[in-house]
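Below is one structure, written out as structure tokens, with a few remarks after it.
No experiment lies behind these values; they were computed from the predicted model shown.
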Amino acid sequence: MGNLTLIMLTLFLICAGLIIGVLNFVQSKKNKRVKRTLEKLEIEKNELATSPIVPELAKVEAFLNNDKLKALYDEWSSRLKQIKEVQIPKLSDMILDAEYSLSQMDYKSTMYKIAKLEMELYKVRTNSEFLFGEIKDLTSSEERGRTIITGYKARYRNLYQKFIDSKVEYGEFEGVISKQFELIANKFEEFESMIDKNEYTEVDKVLVVIDDLLNHMNVVIEEVPSIVLMITSVLPMRINEIVETYNKMINDKYPLDYLNLEYNISEANKKIEEIKTRTKKLDMNQSLLELKVLLDYFDSIFNDFEKEKMGKKTYEEKLSTFNLKLTKINDIINEIFSKLDEIRNIYNLTKDDVDTLNEIKREVDELNTNYNVLKGHTEFNSTFAYSKLVHEIEGLTNNLSHTEEKLDKSLNIIGNMRDDELRARQQLEEIKVVLKDSKLQMREYRLPVIPDFYYTELNEANVAIKEIVKELDKKPITIDVLNTRVDTARDLVLKLYTKTKEMMKNAMFAEKAIIYGNRYRSSYEELNGQLNLSEQLFYKGEYKKSFELTVNVLNKIEPGIYNKILNLYSSKEK
């Protein structure tokens with residue numbers, strides 16, 4: 001029991017020792033990491049203390065020859081003193097304070113102080129770098145300025161050479177451009193003078209001015225030749241061409257007032273003078289763009305001239321075509337209305353028909369009025385463009401086409417009435433011929449009896465024919481009634497003709513059949529009786545029954561007798 005207790009106690013002590021060892025190890029590592037951070041921050045603080053600001057500021061001290069530089073030097077010295085005597089010692093104190101917290105193993109406080117230290121270090125570093133940059137800009141101004149000025153001088157030489165090579169292209173603006181080059185050359189001399197006097201604070205301003213002058217001169221060298229060409233040659237020639245063409249077209253009676261050309265040319269000349277004045281001051285201010293706009297405008301005027309020429313040709317062609325159609329429709333309307341009473345007396349025109357004709361006449365009168373107004377614009381007015389006149393004549397032509405369609409329909413109605421009347425008269429004669437043929441057939445074959453239906457239908461046909469004659473003699477003629485009368489008479493006469501022909505055919509067949517059957521009377525008593533009955537039907541006018549009875553009885557004796565009689569009749573007809 002005593003041994004067990006001793007073993008357990010030993011194990012406990014070993015575990016406790018291990019735990020303490022591990023904790024000490026972890027603590028040691030943590031201390032070392034934080035300490036390394038503090039050491040790094042101290043190194044950075046020391047680097048700030050040994051920054052190159054002091055030697056750079058010493059360079060400035062060598063050329064303090066004006067108040068402005070002296071003021072800058074004093075300000076920079078003051079800021080440097082603030083960094084060295086206030087801000088950097090403050091950093092040292094903060095580092096010591098953090099190290100003390102670390103020694104007390106107050107990690108939370110240590111980390112907080114390190115964070116504040118890093119922020120303060122960043123601030124001091126930024127102030128130091130900014131101060132060094134300002135001083136460096138001044139101390140390196142001569143070297144930097146000479147590098148920049150060398151490039152500017154190369155640009156100047158290129159521009160000046162380009163100007164010298166093509167002086168003639170700059171016209172009256174050559175002198176002012178030469179003076180501008182002299183101004184730039186003076187700025188180069190001003191730069192050299194400032195460098196010699198160590199006036200480094202003004203060097204950058206001169207460089208900015210030179211850069212602006214060279215950029216502007218580049219625009220001048222590029223654009224002025226084009227401006228000179230436009231205002232001295234291209235635009236004046238274009239304006240002269242336009243004025244010449246305009247006057248010629250005015251003499252040829254073209255309506256060009258709508259172009260307002262004289263005013264626009266005057267304004268264009270004012271704009272050219274304004275651009276010329278600006279260019280003398282080397283003020284480009286979109287001058288080239290404005291001149292191109294003017295050129296585009298005058299080019300568009302030529303397009304307008306061409307449109308007017310084409311428009312005039314189109315207008316005259318359409319006007320001539322319209323005049324021909326209008327003259328034709330005027331003649332037709334005059335002829336119709338001169339005979340309108342006669343047409344009304346002949347034909348029973350409806351109120352709608354007459355109203356339509358009156359409406360057509362009103363439309364034609366309106367077309368004549370508008371046509372005369374349009375011709376007036378063409379002959380005495382130079383305001384309306386031909387393109388607009390073409391639009392107007394096209395509108396009149398469309399209206400005329402609609403009126404022509406209405407007139408054609410009305411003429412078709414009247415023409416159809418005339419055609420119906422002529423057709424009725426022709427059909428009347430044809431109906432009479434058919435009726436006459438029906439009567440001739442009756443005379444050619446002397447029937448023993450003419451059935452009553454024939455006289456009834458003959459009378460109906462005669463009455464119908466008289467109705468046609470009566471309708472044709474009426475003034476005005478009602479075409480619908482006339483057509484009905486003609487249709488009725490034609491149907492009745494054709495019906496009579498058909499029945500007459502059928503009756504004649506049955507009578508002939510019946511007679512032929514009876515004659516043919518007589519050869520069998522003595523041999524067949526029944527046949528004899530049937531033939532007697534057929535003869536009785538024949539003389540009563542019932543020819544079809546007579547024929548059918550005879551054929552039926554003969555067919556018993558001589559099958560196919562019907563076809564034989566039919567062939568016999570047909571051969572005789574031929």
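A distance-only check finds no donor-acceptor pair linking the side chain of D304 to the backbone of L259 [under 3.5 Å]. Counting only distance, with no hydrogens or angles, the side chain of N372 and the backbone of N368 share a donor-acceptor pair below 3.5 Å. Without hydrogens or angle criteria, T279 side chain to I275 main chain gives a donor-acceptor distance under 3.5 Å. Within the 3.5 Å criterion, the main-chain N or O of Y297 finds a donor-acceptor partner in the side chain of S300. In this structure, S401 contributes its side chain and T397 its backbone to a donor-acceptor pair below 3.5 Å.
Taking CG of L159 as the reference point, atom CD1 of I164 lies at 12.0 Å (rounded to 0.5 Å). The distance from atom CG of L291 to atom CD1 of I231, rounded to the nearest 0.5 Å, is 7.0 Å. From E267, atom CD reaches atom CG of N269 across 9.5 Å, with rounding to the nearest 0.5 Å. If you take CG on L389 and OG1 on T314, they are separated by 11.5 Å, rounding to the nearest 0.5 Å. The NE2 atom of H391 sits 9.0 Å away from atom NZ of K388, with the distance rounded to the nearest 0.5 Å. We find the OG1-CE distance between T500 and M503 to be 5.5 Å, quoted to the nearest 0.5 Å.
At a threshold of 4.0 Å, the pair E274-K270 does not count as salt-bridged, since none of the basic side-chain nitrogens sits closer than that to a carboxylate oxygen. Ion pairing between a basic and an acidic side chain is recognised when a charged N comes within 4.0 Å of a carboxylate O; R490 and D487 show such pairing. Under the 4.0 Å criterion applied to side-chain N and carboxylate O atoms, E273 and K276 are assigned as salt-bridge partners. A salt bridge is defined here as a Lys NZ or Arg NE, NH1 or NH2 lying under 4.0 Å from an Asp or Glu carboxylate O, and K248 with D252 meets this definition. Salt bridge D296/K292: absent, no basic N to carboxylate O contact under 4.0 Å. Salt-bridge annotation for E392 and K318: absent, with no side-chain N of the basic residue lying under 4.0 Å from a carboxylate O of the acidic one. By the 4.0 Å N-to-carboxylate-O rule, E190 lies too far from K205 to be salt-bridged with it.
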Could you walk me through whether E290 and R278 pass salt bridge (charged side-chain N to carboxylate O under 4.0 Å, His left out), step by step?
CA-CA 12 Å; E290 292 174 351; R278 290 206 312 260; 3.0 Å; yes

Go through the steps to decide whether D365 and K361 satisfy the test salt bridge (charged side-chain N to carboxylate O under 4.0 Å, His left out), and finish with yes or no.
CA-CA 6 Å; D365 290 341; K361 186 176 187 307; 3.3 Å; yes

Between N399 and E363, does the side-chain contact (heavy atoms from CB on, under 4.5 Å) criterion hold? Intermediate values first, please.
CA-CA 9 Å; N399 294 339; E363 290 178 0; over 6 Å; no

Start with the C-alpha distance between E366 and R362, add both sets of side-chain angles, then the distance that settles salt bridge (charged side-chain N to carboxylate O under 4.0 Å, His left out), and finish with yes or no.
CA-CA 6 Å; E366 185 177 343; R362 180 186 60 75; 3.6 Å; yes

If you apply the rule side-chain contact (heavy atoms from CB on, under 4.5 Å), what do you find for N264 with F298, and how did you get there?
CA-CA 10 Å; N264 290 334; F298 288 120; 6.0 Å; no

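Contact detail for A185 and Y156: the closest heavy-atom pair is CB-OH, 3.8 Å. Contact between L288 and S226 at its shortest, heavy atoms only, is CD1-CB, 3.6 Å. The minimum heavy-atom distance linking S534 with S546 is given by the pair O-OG, 2.8 Å.
The 12-atom threshold is exceeded at CZ of F188, counting heavy atoms of other residues, nucleotides or ligands nearer than 6.0 Å. Counted within 6.0 Å of CD on E359, heavy atoms from surrounding residues, nucleotides or ligands total more than 12; the atom is thus considered enclosed.
Judged by a 6.0 Å distance limit and a 45° cone about the ring axis, K312 is positioned over the six-membered ring of Y254.
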Side-chain atoms of residues 206-219: list all donor-acceptor pairs with protein atoms under 3.5 Å, sequence neighbours left out, distances to 0.1 Å.
residue : atom : partner : partner atom : Å
D211    : OD1  : R155    : NH1          : 3.0
N215    : OD1  : R155    : NH2          : 2.7
N215    : ND2  : D211    : O            : 3.2
H216    : NE2  : L282    : O            : 2.6

Under 3.5 Å, side-chain donor or acceptor atoms of residues 168-182 against the rest of the protein: list the pairs with distances, not counting sequence neighbours.
residue : atom : partner : partner atom : Å
Y170    : OH   : I221    : O            : 3.1
S178    : OG   : E174    : O            : 3.1

Please output the side-chain donor-acceptor pairs of residues 234-247 that fall under 3.5 Å, not counting sequence neighbours, one pair per line with the distance.
residue : atom : partner : partner atom : Å
R238    : NH1  : D299    : OD1          : 2.1
N240    : ND2  : P236    : O            : 3.2
T245    : OG1  : E241    : O            : 2.8
N247    : ND2  : V243    : O            : 3.2

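The salt bridge (Lys or Arg N to Asp or Glu O under 4.0 Å) test applied to E317 returns no partner, not counting sequence neighbours. With sequence neighbours excluded, no residue forms a ring-ring contact (aromatic ring centres under 6.0 Å, His included) with Y539.
Side-chain atoms of F547 and T550, non-hydrogen and from C-beta on, never get closer than 4.5 Å to each other. Q536 places a side-chain heavy atom less than 4.5 Å from the side chain of L533. Side chains of K309 and M249 form a contact here, defined as non-hydrogen atoms less than 4.5 Å apart. T403 places a side-chain heavy atom less than 4.5 Å from the side chain of I360. Residues S287 and E223 fail the side-chain proximity criterion, which asks for heavy atoms closer than 4.5 Å. With a 4.5 Å cut-off on side-chain heavy atoms, N330 and L326 count as touching. For the pair K545/L549, no side-chain contact is recorded, criterion being any heavy-atom separation below 4.5 Å from C-beta on.
No hydrogens or angles considered: nothing links the side chains of E548 and N552 as a donor-acceptor pair under 3.5 Å. Side-chain N/O atoms of Y315 and E308 include no donor and acceptor closer than 3.5 Å.
Between F302 and F305, the two ring planes are perpendicular [angle over 60°; tilted spans 30° to 60°].
Residue pairs meeting the ring pair (Phe, Tyr, Trp, His ring centres under 6.0 Å) criterion with at least one member in residues 355-376, sequence neighbours excluded: F322-Y371.
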